[in-house]
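The structure under discussion appears below in the form of structure tokens.
Positions are given from 1 along the sequence. Quick caveat, the model's predicted, so the values are computed rather than measured. When a ligand or atom number is given, it counts from 1 through the structure's own listing order.
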Amino acid sequence: MSISSNIEHLRSSLPSGVSLLAISKYQPIEALREAYDAGQRMFGENHIQEMAAKASVLPCDIEWHFTGHVQTNKIKYMAPFVSLIHAVDSFRLLREIDKHAAKHDRVIDCLLQIHIAQEDTKYGFTIDECRTMLATEPWRELRHVRITGLMAMGSNTDDMEQVRSEFRQMKVFFDELRSTHFADEPPFCQLSEGMTDDYPIAIEEGSTIVRIGSMIFGERQYK
Ligand SMILES: *Cc1c(COP(=O)(O)O)cnc(C)c1O
């Protein structure tokens, strides 16, 4: 299967209201170009410098999403152009992103990463930490970031009922925030979850952005 047919196949199977983010980390420029030529415009990368290097040579109508763990000393490299940062997991990070966005006179959209998986190596707020952050920190005062939803990774397991229950928990929390802290903020509407192995379940459980890498591009090309 080619990259373009993978994209076409995926796109035709996604319900309306669900966007396809092509995760292109460790893929060479030619692979991204092939996806672009098949109409793909949203790409996600996990390393800031790799994303900046790719953005500098590919067409400028691409939306670049950053899906990796954000190191504060590298925010400056993506602040001029990133469209959505998926994995914000502290108020401190939100404040740093705000500071860099201000220098470019931009408002950067961010998702709060929630830790729902069973592995303890993954980043993210627990649901309680996220509630506490939203209730106690002055995030509304940050003029150059906008919180537009939540992001999560399901457990890396064959137990799909486990993964489903995690995504279900996410949807409940997402709805809670939509009726409390974000009740007057319609832009808070994105739930980023679902990868190659679990995206159909994520969609059934309310995902609005699926992040798919290997199913589009095959094995990652380099590390
Ligand atoms: C690598 C990655 C993906 C894509 O994973 P695949 O299994 O290749 O689809 C999605 N989200 C994040 C955060 C990733 O790091």
The single option from I7, V210, L10 passing side chain to side chain contact (heavy atoms under 4.5 Å, CB included) against M215: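 With M215 as partner, I7, V210, L10 yield a single side chain to side chain contact (heavy atoms under 4.5 Å, CB included), made by L10.
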For P80, which of H104, H100, R106 qualifies under side chain to side chain contact (heavy atoms under 4.5 Å, CB included)? H104
Can you list every ring pair (Phe, Tyr, Trp, His ring centres under 6.0 Å) pair that touches residues 168-192, not counting sequence neighbours? W139-F182, F174-F188, F182-F188
Only pairs at least two apart or in different chains count here, so list each side-chain hydrogen bond (donor to acceptor under 3.5 Å, both in side chains) that has a residue in residues 11-23.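 Every candidate side-chain hydrogen bond (donor to acceptor under 3.5 Å, both in side chains) pair involving residues 11-23 fails, so no pair, neighbours aside, qualifies.
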Strictly by salt bridge (charged side-chain N to carboxylate O under 4.0 Å, His left out), give each pair with a member in residues 61-90 just once, sequence neighbours left out.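 Found R41-D61.
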For the pair Q27 (side chain) and E219 (backbone), establish whether a donor and an acceptor sit closer than 3.5 Å, ignoring hydrogens and angles.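 The answer is yes, because a donor-acceptor pair under 3.5 Å joins these two groups.
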Exercise answer, ligand 1 polar atom pairs (N/O) under 3.5 angstrom:
unit_1	atom_1	unit_2	atom_2	d
ligand 1	8 (O)	S214	N	2.8
ligand 1	8 (O)	S214	OG	2.7
ligand 1	8 (O)	R220	NH1	2.9
ligand 1	8 (O)	R220	NH2	3.3
ligand 1	9 (O)	T196	N	3.0
ligand 1	9 (O)	T196	OG1	2.5
ligand 1	9 (O)	G213	N	2.8
ligand 1	11 (N)	R211	NE	2.9
ligand 1	15 (O)	K25	NZ	2.7
ligand 1	15 (O)	N46	ND2	2.8

